[in-house]
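Reviewing the structure listed below.
In the text below, chain A, chain B and the rest are named by the order of the sequence lines, each starting its count at 1.
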Protein chains: 2
Amino acid sequence: MFSVTVDVVCLTVRDGAFQVLLVERGGPPFEGRLALPGGFVQVDENLEDAARRELREETGIEAPRFVEQLATYGEPDRDPRGRTVSVAFLAIAADLGEATGGSDAAAADWHRVDELLRDDSLLAFDHAVILADAVERARGKLEYTPLACDFCPAEFTIAELRRVYETMWDLRLDPANFHRKVTRADGFLVETGKSADGGVGRPAQLYRRGGSGADLPAAEPRYDGVGVPLGSPCRHGASYS
Amino acid sequence: MFSVTVDVVCLTVRDGAFQVLLVERGGPPFEGRLALPGGFVQVDENLEDAARRELREETGIEAPRFVEQLATYGEPDRDPRGRTVSVAFLAIAADLGEATGGSDAAAADWHRVDELLRDDSLLAFDHAVILADAVERARGKLEYTPLACDFCPAEFTIAELRRVYETMWDLRLDPANFHRKVTRADGFLVETGKSADGGVGRPAQLYRRGGSGADLPAAEPRYDGVGVPLGSPCRHGASYS
DNA sequence: GCAAAAGTGTTATACGTACACCCATGA
DNA sequence: TCATGGGTGTACGTATAACACTTTTGC
């Protein structure tokens with residue numbers, strides 16, 4: 001007999017930095033330490049529903065559109081209270097402002113991922129490991145899915161989208177080539193016809209995230225090249241033993 | 001309080017077909033039906049160790065080098081006996097021959113994945129869903145990791161490796177281009193100097209799987225292009241709700 | 001007009017694809 | 001010497017990267 005919990009790694013790009021939503025623990029163990037929002041799964045509750053509920057209850061933030069199971073953490077000694085298995089979820093949100101709603105949400109706030117990853121001891125339980133796995137998953141998915149759009153509000157400019165990639169990978173992208181790439185990627189973006197105003201320079205067009213994929217022709221995948229990892233061999237660390 | 005189990009999706013390429021290792025259930029529920037090997041996690045046992053143990057006990061097959069957590073399945077009604085959460089693992093093996101060892105292994109055998117996916121009702125519990133997820137993960141990982149080598153024995157020819165891709169994706173690859181691609185991919189393969197014999201035609205060189213990645217220069221990832229999914233938008237189904 | 005950001009055009013290069021061709025072996 | 005599969009050379013099309021250039025706004 002085990003306790004089963006869920007933990008939510010809710011990531012965003014905020015103030016030009018990659019950030020994660022954390023709560024301060026109000027009781028033992030790890031009282032006063034930062035932790036991922038999460039808690040026990042109820043007996044008739046689906047795992048993903050539990051994750052959404054805990055996020056809402058502990059931080060006052062309604063779960064965003066993108067919520068995906070990350071992995072399950074079950075080392076026998078991971079919780080001093082007893083054998084606990086935790087199913088971690090990855091949530092991707094646009095910048096939602098301060099986290100100030102919710103009942104237990106007093107201590108919920110955003111924190112920079114880079115600082116948390118530099119020092120494992122800042123987080124309770126094995127949450128530093130979970131965070132590191134979540135970051136790796138999110139960075140990876142930017143490469144081959146339209147995940148970046150989920151870091152943006154419903155309507156956004158190409159430059160905002162570009163800044164997501166630039167922040168997550170800490171590099172500069174050529175605005176011209178980036179613009180062409182994303183606007184030409186089939187099904188990736190939808191024009192709204194509107195344009196942003198207020199900033200300096202020529203106003204940018206506003207776009208919306210493209211179709212969910214279901215309503216697209218799903219172009220024949222190009223498996224011809226076999227996708228051997230040429231540039232960076234073995235980059236996506238598989239768990240070999 | 002939940003029961004926690006592990007299930008193992010052990011995949012291989014065998015007789016020119018993509019196959020999975022299954023057992024026949026010896027008791028209720030789903031008595032007599034095919035199921036993934038698996039069982040209850042012990043109280044002081046790590047999840048992955050449990051998976052390896054169950055694979056060995058139920059099929060007589062020692063877990064291969066590649067074992068990776070797949071996902072966790074926890075719908076409230078997935079097991080008629082009570083609330084059970086199952087952590088599924090993906091294992092990739094070379095063709096290991098018949099499954100005939102182990103105590104409970106009498107009923108363990110390899111089955112064609114394509115047939116199982118055509119009819120959900122062939123497998124016990126939600127194992128058809130787990131299998132489908134495993135297949136998607138394995139196909140996906142072929143694209144950007146050296147996973148294909150794990151479907152081959154320790155030493156293999158380029159043609160054997162090519163047949164893995166051809167079987168998994170059901171297509172024909174140009175042997176010439178494939179050869180160049182994998183032999184030039186840095187760190188992907190290591191020459192053994194030996195060559196295969198026995199077959200018709202010019203004997204092929206034998207290769208071994210390349211470094212684990214840790215001992216490689218880990219070439220600068222080429223994030224320049226941002227990896228928008230051009231050819232096939234939104235192919236890797238993210239769990240949007 | 002000037003600065004700044006959006007967006008387009010142009011070109012060199014790299015990579016994938018197709019396919020002709022040579023190599024090494026068994027029968 | 002012929003058939004078969006292993007392996008190399010080469011030409012061509014397409015995608016990317018770099019960067020010059022035009023457009024549209026606020027000041």
Query raised in the report: Can you tell me how far P of D:dG5 sits from CG of B:Leu173, to the nearest Å?
Result: 16 Å
Report task. Round to the nearest Å and state the distance from B:Glu166 atom CD to D:dG5 atom P. Result -> 12 Å
Query raised in the report: Atom CG of B:Asp174 and atom C1' of D:dG5: how far apart are they, to the nearest Å?
Result: 13 Å
Query raised in the report: Counting side-chain heavy atoms from C-beta on, which of C:dC23, C:dA6, D:dT4 comes nearest to B:Val200?
Result: D:dT4
Report summary line: When B:Arg163 and B:Asn177 are each assigned the nearest nucleotide of DNA chain D, the 5'-most assignment goes to B:Arg163
Report task. Return yes if some donor-acceptor pair links the side-chain N/O of B:Thr183 with the main-chain N/O of B:Arg180 below 3.5 Å, else return no. Result -> yes
Query - Shortest side-chain distance from A:Arg162, nucleotide among C:dA6, D:dT25, D:dA18 - result: C:dA6
Query raised in the report: Do B:Tyr73 and B:Asp7 meet the criterion of a side-chain donor-acceptor pair at a distance under 3.5 Å?
Result: no
Query raised in the report: Rounded to whole angstroms, how far apart are CZ on B:Arg202 and P on C:dT25?
Result: 8 Å
Query raised in the report: Ring centroid separation for B:Tyr144 and A:Tyr144, is it under 6.0 angstrom?
Result: yes
Query raised in the report: Nearest-Å distance, CG (B:Asp197) to P (D:dG6)?
Result: 14 Å
**Report entry** Rounded interatomic separation in angstrom, taking CZ from A:Arg172 and P from D:dC19
**Finding:** 17 Å
Report summary line: Residue pair B:Pro203/A:Ala176 against DNA chain C: nearer the 5' end by closest nucleotide is A:Ala176
Query raised in the report: Across the strands shown, which category fits B:Ala204 at heavy-atom distances under 4.0 angstrom: base, sugar-phosphate, nothing?
Result: sugar-phosphate
Query - Ring-ring centroid check A:Tyr207 A:Phe188, cutoff 6.0 Å - result: no
Query raised in the report: Less than 3.5 Å between a donor and an acceptor, one on the side chain of A:Arg180 and one on the base of C:dG9, is that the case here?
Result: yes
Report summary line: When rounded to whole Å, the CD to P distance for the pair A:Glu191 and C:dA6 reads 16 Å
Query raised in the report: Between B:Thr12 and B:Asp95, do the side chains contain an N or O donor and an N or O acceptor separated by less than 3.5 Å?
Result: no
**Report entry** B:His179 NE2 to C:dC22 P, straight-line distance once rounded to whole Å
**Finding:** 18 Å
